[in-house]
Protein chains: 2
Amino acid sequence: MRREKTTQLTRKGWKVGTVREFLALSAEEAAYVELRLRLANSLRSRRQRMKLSQAGLAARIGSSQSRVAKMEADDPSVSIDLLVRSLFALGATSRDLARAISHSALPKAS
Amino acid sequence: MRREKTTQLTRKGWKVGTVREFLALSAEEAAYVELRLRLANSLRSRRQRMKLSQAGLAARIGSSQSRVAKMEADDPSVSIDLLVRSLFALGATSRDLARAISHSALPKAS
DNA sequence: TGGCGCCATGTCAGATCTGACATAGCATGG
DNA sequence: CCATGCTATGTCAGATCTGACATGGCGCCA
């Protein structure tokens, strides 16, 4: 939360947050980053299942290959809005989203 | 999708989209607006359950009363990002989100 | 009537996000 | 070796979103 504070200094990515809070994420921050990650993963797997290239997906949603790459990489410069819209554009339903969000579809960390 | 096109002209809200497409939303657009609506409703009811005023919630999330009002009104100027972060700030879990999203918690329209 | 708490709506400067472009890495097939 | 296709990463102008502020409405109690 309150990204602005550190923003002028870091002007690129999570950096500050991730490093400092590596072991001290508040519950809500953790939920937020995890949500993003799940959407990102979901997007990639859905795209691959459909045998689309990033450029192909980009064309569909009126964006560019590079932005799609960033979405899938969970780059801090992409919003949840964009992720969600892209998922819908690939035919995901609300239910699909809900599944992606609550189910831990995360790659096992350990 | 592709909001920019009409944006310079309308410079305020859904307007163009809503009126013109009143009966012709694509599936993805429908899913998107419905998702927003559900998050907005979810936020309001969660806040009320916690007996917080909009100003109170605003303070918690480092925002302002007016923005909270806009969130709950599903104003086009608020992003899903903000809605989601606010929900998390009120203690919602990923699972809560998923429920809000897939369950039709919409006020019955008729 | 006035004061008070709460919510809605408009506006705006400044912060953030976005598409586009450039460029590089890395396989696979020639 | 060189193409070709796909993905990753950086940059930037322009679009969008955000917090703050101002103001108005509504209900309620004195």
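The analysis underlying the following values was restricted to heavy atoms, covering all of them including side chains, and did not include hydrogens, waters or symmetry mates. Chain letters run A, B, ... following the sequence lines, proteins first, then strands; residues in each count from 1.
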- Taking all heavy atoms of Phe88(B) and all of Glu28(A), pick out the closest pair and write down the distance. O-CB, 3.8 Å

- Message: Looking at every non-hydrogen atom in both residues, tell me the closest pair between Arg36(A) and Asp75(A) and how far apart they are.
- Response: NH2-O, 3.0 Å

- Note on the structure: To the nearest angstrom, the CZ-P distance between Arg85(B) and dG19(D) comes to 7 Å

- Message: I'd like to know if the side chain of Ser45(A) pairs up with that of Gln48(A) as donor and acceptor (distance under 3.5 Å, no hydrogens or angles considered).
- Response: no

- Which atom of Val33(B) lies closest to which atom of Asp74(B), heavy atoms considered: O-OD2, 4.4 Å

- Query: Base, sugar-phosphate, or nothing: which does Val78(B) touch, judged by heavy atoms less than 4.0 Å apart?
  - Reply: sugar-phosphate

- Query: Salt bridge between Arg46(A) and Asp96(A), side-chain N to carboxylate O under 4.0 Å?
  - Reply: yes

- Message: Nearest whole Å is fine: how far is dG19(D) C1' from Ile61(B) CD1?
- Response: 10 Å

- Query: How do Ser66(B) and Ile80(B) order along DNA chain D: which one's closest nucleotide is nearer the 5' end?
  - Reply: Ile80(B)

- Task: Please list, by residue number, the residues of residues 45-53 of chain B whose heavy atoms come closer than 4.0 Å to an atom of DNA chain D; answer none if no residue qualifies.
- Result: none

- Message: Rounded to whole Å, how long is the line connecting atom CG of Asp74(A) with atom P of dT9(D)?
- Response: 12 Å

- Is a side-chain N or O of Asp81(B) found less than 3.5 angstrom from the main chain of Ile80(A), in a donor-acceptor match? yes

- Task: Just report the end-to-end axis angle for the helix from dT1(C)-dA30(D) to dG30(C)-dC1(D), five pairs per end, to 10 degrees.
- Result: 20°

- Report yes if a donor N or O on one partner sits less than 3.5 Å from an acceptor N or O on the other, where the partners are the side chain of Lys70(B) and the base of dG10(C); otherwise report no. yes

- Item | Spacing of Asp75(A) atom CG relative to dT16(C) atom P, expressed in whole Å | 14 Å

- Message: Just verifying a value: how many Å separate Leu82(A) CG and Ser79(B) OG, rounded to the nearest 0.5 Å?
- Response: 12.0 Å

- Item | Spacing between Glu72(B) atom CD and dC7(C) atom P, to the nearest angstrom | 7 Å

- Message: Regarding dA8(D), can its base be found pairing with the side chain of Gln65(A) as donor and acceptor, where the two atoms are less than 3.5 Å apart?
- Response: yes

- Between Arg38(A) and Arg99(A), is there a donor-acceptor pair closer than 3.5 Å when you use the side chain of the first and the backbone of the second? no

- Got a donor-acceptor pair under 3.5 Å from the side chain of Ser79(B) to the base of dC17(C)? no

- Between dA20(D) atom C1' and Leu57(B) atom CG, what is the distance in whole Å? 16 Å

- Do the side chain of Glu29(B) and the main chain of Ser26(B) share a donor and acceptor less than 3.5 angstrom apart? yes

- Message: Can you identify which nucleotide, out of dT9(D), dT9(C), dG19(C), has its nearest atom closest to the Leu82(A) side chain?
- Response: dG19(C)

- Message: Taking only side-chain N and O atoms of Arg67(B), does any of them lie within less than 4.0 angstrom of OP1 or OP2 on dG10(C)?
- Response: no

- Where the side chain of Gln54(B) is defined as all heavy atoms beyond and including C-beta, which of dG19(C), dC7(C), dA20(D) is the nearest nucleotide? dC7(C)

- Separation of dC17(D) P from Asp81(A) CG (nearest whole Å): 7 Å

- So the salt bridge (Lys or Arg N to Asp or Glu O under 4.0 Å) pairs with at least one residue in residues 49-61 of chain B (sequence neighbours excluded) are none

